[in-house]
Visitor: 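Once you've had a glance at the structure underneath, I'll fire off some questions.
In listed order, ligands and their atoms are each counted from 1.
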Amino acid sequence: MSRYILAIDQGTTSSRVIIFNQLGQPVTTAQQNITQSFPNDGWVEHDPQEIWQTTLALCKQALQQANLSSDAIVGIGITNQRETTIVWDATTGEAIYPAVVWQDRRTADYCSELKEQGYEQQIMAATGLLIDPYFSATKLRWILDNVADARARANKGELRFGTVDSYLLWHLTGGESHYTDATNAARTMLFNIHTQQWDKQLLALFNIPETLLPEVLDCAAEFGNTQQDLFATCIPILGIAGDQQAALIGQACFKEGMVKSTYGTGCFMIKNTGDDPVASTNRLLTTIAYRLQGKATYAVEGSIFVAGATVQWLRDGLQLFDNAAEAELIAQATPDTRGVYLVPAFTGLGAPYWDPKARGAIFGLTRDTGIQEIVTAGLESVCYQTCDLLLAMQQDSISPLTTLRVDGGMVVNNWLMQFLADILDITVERPDVSETTALGVAWLVGLQAGIYNSLDEITSYWHLQRRFDPVMPAEKRQQLYHGWLEAIKRVRTGV
Ligand SMILES: Nc1ncnc2c1ncn2[C@@H]1O[C@H](COP(=O)(O)OP(=O)(O)O)[C@@H](O)[C@H]1O
Ligand SMILES: O=P(O)(O)OC[C@H](O)CO
């Protein structure tokens, strides 16, 4: 009988379920947007119940669409928006507060205090992360301190914490499994990436009881089985990875020095640095790329909070066009933004600036600026931000980067990909399977199930769909990027 892998990709904008065949080809996709709530300036929340219910419904829908019964599925993989923080009742599974999303900035003041108190070095040394509201630790502390009875209940062992992977796993297994994987753990700011343990000193600093935390397993592991009544048969869950690390796997970036950049709601550039954690001197993060058979492979990461979200804002907020694909047509028809720059620091600036209090701005407006220039500047901002990351990565590396593998919802935009190659002055490669995040976790399931024997075998399944080579003259590139750096200077708060 043919064997299939069901990959759950629970992203910031939408939940997706993709069923892959053994060759890593998608056979069906089911997708549903999830509600974004912005209850306060800089706050971003999701409804955990909606996350679970849409995921479950999409699993069933995907099986039905592919006309498969659950016993054709060798295993489920979960990949997820990372850092997003959920606390739930250990008995009922009911969340005690909305999911505090990775973009949420409510703990910016507390993060400033931690920096002033001199904790940056300790936190960076243990976790590879800079102090920023982005990561789970301060969000978790906020929930415990601000939701009625939460801290008392946590101390009594009545609550559980997890990132979205853990929360979904708990529900899929009917409360049997409270696990996460090393890549998700590495984004909490509570996990020591060297010892591969929860860091006791950081738990004390953030006042987090250890009973709240999931056990950390490899990315390919026995995470448990789906509870009886969900599907016709119980399906094992065999793979978990944070979505950006899953994309690195899906892009087959298994060799030291290989880099991918994913363009979804945000943009995340990750470079495989091999067996040893490499500390960035340019404000990038050190993180775990994947952990297999107990052995961690490390990475450096540049994280940009707003990429595709700029397009969403231009479409839904400013209502400048009806669907994301129109942005490409507008940019194609705009030969020049004539000095207009859009800095989409809606939720602060991520790498390499790490300025949670910065906010967005549009510069260079004149009487003849129109929708075309603003939309094009929005797309260009994604490329300029990538350039910020690439330069930071180049400065950290001995060997220059020559190729960037790209994926995510935005990379269908050919205009954007060409401008990216031009501004970065390197070749941009787009793979034939654009759903690399889901594919990456499907590979993990396949490894655990024994369908694939090695990372080399997986590499043989990666195929190029199109490459974009830089054509922009150096002088123009430098002039455009210089204008971006000037715009960035003007939104930074220096916090
Ligand atoms: N043709 C396009 N041009 C530019 N942006 C696009 C295009 N199509 C989709 N997007 C953007 O891509 C994002 C969705 O990508 P996706 O990888 O699904 O995101 P996520 O995983 O964060 O939910 C949205 O922000 C959307 O605005
Ligand atoms: O949901 P995405 O694809 O925007 O990814 C979110 C990241 O994991 C946040 O770190």
Side-chain angles (χ1 to χ4, degrees), residues 8-16 18 29 31-36 44 46 51 54 78-85 99-104 129 132-136 139 163-165 183-184 186-189 241-248 250 260-270 285 287 301-317 320-332 344 346-347 350-351 375-376 378-383 406-420 430 434-441:
I8 295 169
D9 176 3
Q10 204 302 302
T12 314
T13 321
S14 68
S15 302
R16 236 170 305 193
I18 303 181
T29 301
Q31 177 168 0
Q32 197 178 319
N33 284 348
I34 59 165
T35 311
Q36 312 289 319
V44 187
H46 290 161
I51 287 180
T54 56
I78 305 172
T79 181
N80 54 292
Q81 50 167 321
R82 306 165 304 166
E83 299 98 11
T84 297
T85 301
V100 181
V101 176
W102 57 277
Q103 297 159 313
D104 190 291
L129 308 175
D132 192 87
Y134 178 24
F135 308 105
S136 316
K139 299 180 195 292
T163 38
V164 171
D165 55 308
T183 66
N184 274 297
R187 314 298 296 187
T188 57
M189 216 159 80
D243 57 8
Q244 302 309 320
Q245 284 89 341
L248 187 80
K260 74 87 205 181
S261 206
T262 301
Y263 296 89
T265 307
C267 159
F268 303 87
M269 185 188 277
I270 302 192
L285 308 172
T287 199
E301 172 176 327
S303 324
I304 299 169
F305 300 142
V306 176
T310 309
V311 176
Q312 288 169 17
W313 177 71
L314 293 166
R315 182 195 59 195
D316 307 334
L320 299 185
F321 46 84
D322 292 328
N323 67 66
E326 282 175 55
E328 177 167 6
L329 303 177
I330 294 173
Q332 270 167 1
F346 304 131
T347 54
V375 171
T376 307
L379 289 180
E380 288 182 352
S381 72
V382 175
C383 306
V406 295
D407 53 78
M410 293 192 92
V411 306
V412 293
N413 186 321
N414 290 327
W415 182 92
L416 185 74
M417 293 301 99
Q418 185 56 51
F419 192 77
L420 184 65
R430 188 168 66 190
S434 60
E435 295 286 356
T436 51
T437 301
L439 181 60
V441 82

Visitor: Run the numbers for me: atoms of ligand 2, each under 4.0 Å from some heavy atom of Gly11, listed by number.
Guide: 1 (O)
Visitor: Among all protein non-hydrogen atoms, which one is nearest to atom 4 (O) of ligand 2, and what is the separation to 0.1 Å?
Guide: Thr12 OG1, 3.2 Å
Visitor: Side chain, backbone, both or neither: which part of Ala324 has a heavy atom under 4.0 Å from ligand 1?
Guide: both
Visitor: Could an N or O of ligand 1 be found under 3.5 Å from any N or O of Gly308, whether backbone or side chain?
Guide: yes
Visitor: Any atoms of ligand 2 less than 4.0 Å from a non-hydrogen atom of Glu83? List them with their elements.
Guide: 9 (C), 10 (O)
Visitor: Output the list of atoms in ligand 2 that are nearer than 4.0 Å to some heavy atom of Gly266, sorted by atom number.
Guide: 4 (O)
Visitor: Please identify each residue that fulfils salt bridge (Lys or Arg N to Asp or Glu O under 4.0 Å) with Asp243, with sequence neighbours left out.
Guide: Arg82
Visitor: N/O to N/O below 3.5 Å, does that happen between Gln31 and ligand 1?
Guide: no
Visitor: State whether the shortest distance between N or O atoms of Arg187 and N or O atoms of ligand 2 falls below 3.5 angstrom.
Guide: no
Visitor: Any heavy-atom pair between the side chains of Arg16 and Glu435 that's under 4.5 Å?
Guide: yes
Visitor: For the ring pair Trp102 and Phe268, is the centre-to-centre distance below 6.0 Å?
Guide: yes
Visitor: To which protein heavy atom is atom 5 (O) of ligand 2 closest, and what is the distance rounded to 0.1 Å?
Guide: Asp243 OD2, 2.8 Å
Visitor: Which ligand 1 atoms are under 4.0 Å away from a heavy-atom of Ala309?
Guide: 25 (O)
Visitor: Show me which atoms of ligand 2 lie under 4.0 Å from any heavy atom of Tyr134.
Guide: 9 (C), 10 (O)
Visitor: When Tyr263 is tested against each of Asp407, Val311, Val406 for side chain to side chain contact (heavy atoms under 4.5 Å, CB included), which residue passes?
Guide: Val406
Visitor: Quick one, Met269 with Thr262, criterion side-chain contact (heavy atoms from CB on, under 4.5 Å). Give me CA distance, side-chain angles, the key distance, then yes/no.
Guide: CA-CA 7 Å; Met269 185 188 277; Thr262 301; over 6 Å; no
Visitor: Answer yes or no: does an N/O atom from Gln81 fall short of 3.5 Å to an N/O atom of ligand 2?
Guide: no
Visitor: Name every donor-acceptor pair, under 3.5 Å, that has one atom in a side chain of residues 323-331 and the other anywhere in the protein, sequence neighbours excluded.
Guide:
| residue | atom | partner | partner atom | Å |
| --- | --- | --- | --- | --- |
| Asn323 | OD1 | Ala325 | N | 3.2 |
| Asn323 | OD1 | Glu326 | N | 3.4 |
| Asn323 | ND2 | Glu326 | OE2 | 3.4 |
| Glu326 | OE2 | Asp322 | N | 3.3 |
| Glu326 | OE2 | Asn323 | N | 3.3 |
| Glu328 | OE2 | Asn414 | N | 3.0 |
| Glu328 | OE2 | Trp415 | N | 3.3 |

